[in-house]
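For reference, the structure discussed in these notes is given below.
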Amino acid sequence: MTIETIKDRIAKAAQAANRAEDSVKLIAVSKVQPNERVEAVLEAGHRCFGENRVQEAAGKWPDFRERFAGVDLHLIGPLQTNKARQAMELAQSIHTLDRPKLAKTLARLAQEIGQCPELFIQVNTGEEEQKAGVMPAQADDFIAECRALDLPVAGLMCIPPVEEEPALHFALLAKIAARNDLSGLSMGMSGDFERAIALGATHVRVGSAIFGERVPG
Ligand SMILES: *Cc1c(COP(=O)(O)O)cnc(C)c1O
């Protein structure tokens with residue numbers, strides 16, 4: 001699908017939910033996509049992208065930034081503390097703050113660098129063992145801990161379990177965000193972004209629907 005088609009679908013979903021079109025940000029997830037495909041979307045005027053891995057992002061985005069002004073880069077994959085500095089220097093937004101150790105590292109580096117990307121706290125809404133994120137029952141405490149460290153927490157993020165109805169997870173994430181006065185909700189991917197928008201998503205992360213199937217590297 002073209003990026004324009006996805007934008008139309010986002011606009012329609014926002015309208016159906018009585019929300020303003022511009023209350024939903026489209027993050028085009030360009031991980032593992034050939035550069036030509038990413039370039040085509042940049043040429044079409046889109047500037048907001050998502051990457052999973054710091055190393056991959058560092059390999060392609062500095063060059064793209066030189067050629068296209070105003071790139072807004074979001075890191076949406078698990079972040080190791082030893083990559084935190086590089087992540088902060090590369091990205092405007094990090095969606096995967098998921099543990100106290102990373103929070104402390106980001107806070108220390110933010111002091112040192114003098115700035116910090118906007119942050120989303122990842123919540124493991126499905127309580128899956130192999131998945132990153134704080135457990136729902138620990139979310140309130142972790143949000144408070146991040147705020148006490150002066151971290152700029154913009155909202156929450158989740159990746160629902162593949163086998164389950166995502167709407168339940170989106171609703172849970174929205175509920176945790178609301179009771180913590182957080183307005184950002186990073187949820188919804190290619191298969192379910194319209195349902196996420198119906199439940200309040202402010203950031204949808206759409207990859208394969210825009211770029212086509214990912215080409216294994
Ligand atoms: C890859 C990825 C996406 C995009 O997935 P699609 O199904 O291709 O839209 C969204 N969020 C995260 C965290 C991802 O890793």
Side-chain angles (χ1 to χ4, degrees), residues 1-10 13 24-38 40-41 44 46-61 72-80 83 87 90-99 102 117-134 139 154-167 169-170 172-174 177 184-217:
M1 262 170 261
T2 66
I3 186 118
E4 292 311 325
T5 307
I6 300 294
K7 284 182 178 164
D8 282 347
R9 286 175 58 186
I10 289 173
V24 185
K25 192 169 196 171
L26 170 59
I27 302 172
V29 180
S30 50
K31 66 180 183 208
V32 213
Q33 295 289 354
N35 280 350
E36 317 77 84
R37 291 189 192 166
V38 181
V41 172
H46 194 72
R47 291 294 180 270
C48 180
F49 291 84
E51 288 285 343
N52 266 50
R53 298 166 64 92
V54 175
Q55 203 170 340
E56 186 186 341
K60 59 183 169 191
W61 284 101
D72 177 24
L73 191 61
H74 294 245
L75 281 173
I76 61 171
L79 181 58
Q80 296 169 270
K83 299 261 170 63
L90 265 173
Q92 282 61 58
S93 190
I94 296 175
H95 290 235
T96 45
L97 172 52
D98 62 353
R99 57 196 193 279
L102 181 58
E118 72 170 349
L119 301 173
F120 289 80
I121 291 173
Q122 184 174 357
V123 181
N124 187 353
T125 55
E127 305 189 31
E128 295 172 280
E129 226 163 77
Q130 80 286 4
K131 204 166 266 174
V134 288
L156 304 179
M157 176 269 210
C158 76
I159 308 171
V162 276
E163 302 294 330
E164 290 180 29
E165 168 52 48
H169 297 272
F170 299 154
L172 173 60
L173 197 71
L185 285 171
S186 166
M187 58 190 198
M189 319 201 316
S190 289
D192 55 22
F193 65 87
E194 282 138 328
R195 270 172 290 177
I197 291 167
L199 290 162
T202 58
H203 294 65
V204 292
R205 312 178 307 264
V206 180
S208 42
I210 296 172
F211 296 104
E213 286 309 307
R214 282 180 280 279
V215 183

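Counting convention: from 1, in listed order, for ligands and their atoms alike.
Residues forming a salt bridge (Lys or Arg N to Asp or Glu O under 4.0 Å) with Asp8 (at least two apart in sequence, or on another chain): none. Every residue two or more places apart in sequence or in another chain was checked for a salt bridge (Lys or Arg N to Asp or Glu O under 4.0 Å) with Arg53, and none qualifies. Take Phe193 and apply the ring pair (Phe, Tyr, Trp, His ring centres under 6.0 Å) test, not counting sequence neighbours, and it matches no residue.
A ring-centre distance under 6.0 Å is found for His203 and Phe120.
One finds a salt bridge joining Glu194 and Arg9 here, because a Lys/Arg side-chain nitrogen approaches an Asp/Glu carboxylate oxygen to under 4.0 Å.
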May I have the N/O to N/O pairs between ligand 1 and the protein that fall below 3.5 Å, each with atom names and distance to one decimal?
from     : atom 1 : to     : atom 2 : distance (Å)
ligand 1 : 8 (O)  : Ser208 : N      : 2.8
ligand 1 : 8 (O)  : Ser208 : OG     : 2.8
ligand 1 : 8 (O)  : Arg214 : NH1    : 2.7
ligand 1 : 8 (O)  : Arg214 : NH2    : 3.3
ligand 1 : 9 (O)  : Ser190 : N      : 3.0
ligand 1 : 9 (O)  : Ser190 : OG     : 2.5
ligand 1 : 9 (O)  : Gly207 : N      : 2.8
ligand 1 : 11 (N) : Arg205 : NE     : 2.9
ligand 1 : 15 (O) : Lys31  : NZ     : 2.7
ligand 1 : 15 (O) : Asn52  : OD1    : 3.2
ligand 1 : 15 (O) : Asn52  : ND2    : 3.2

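Put simply, CD1 on Ile3 and CD1 on Ile10 are 8.0 Å apart, with the number rounded to the nearest 0.5 Å.
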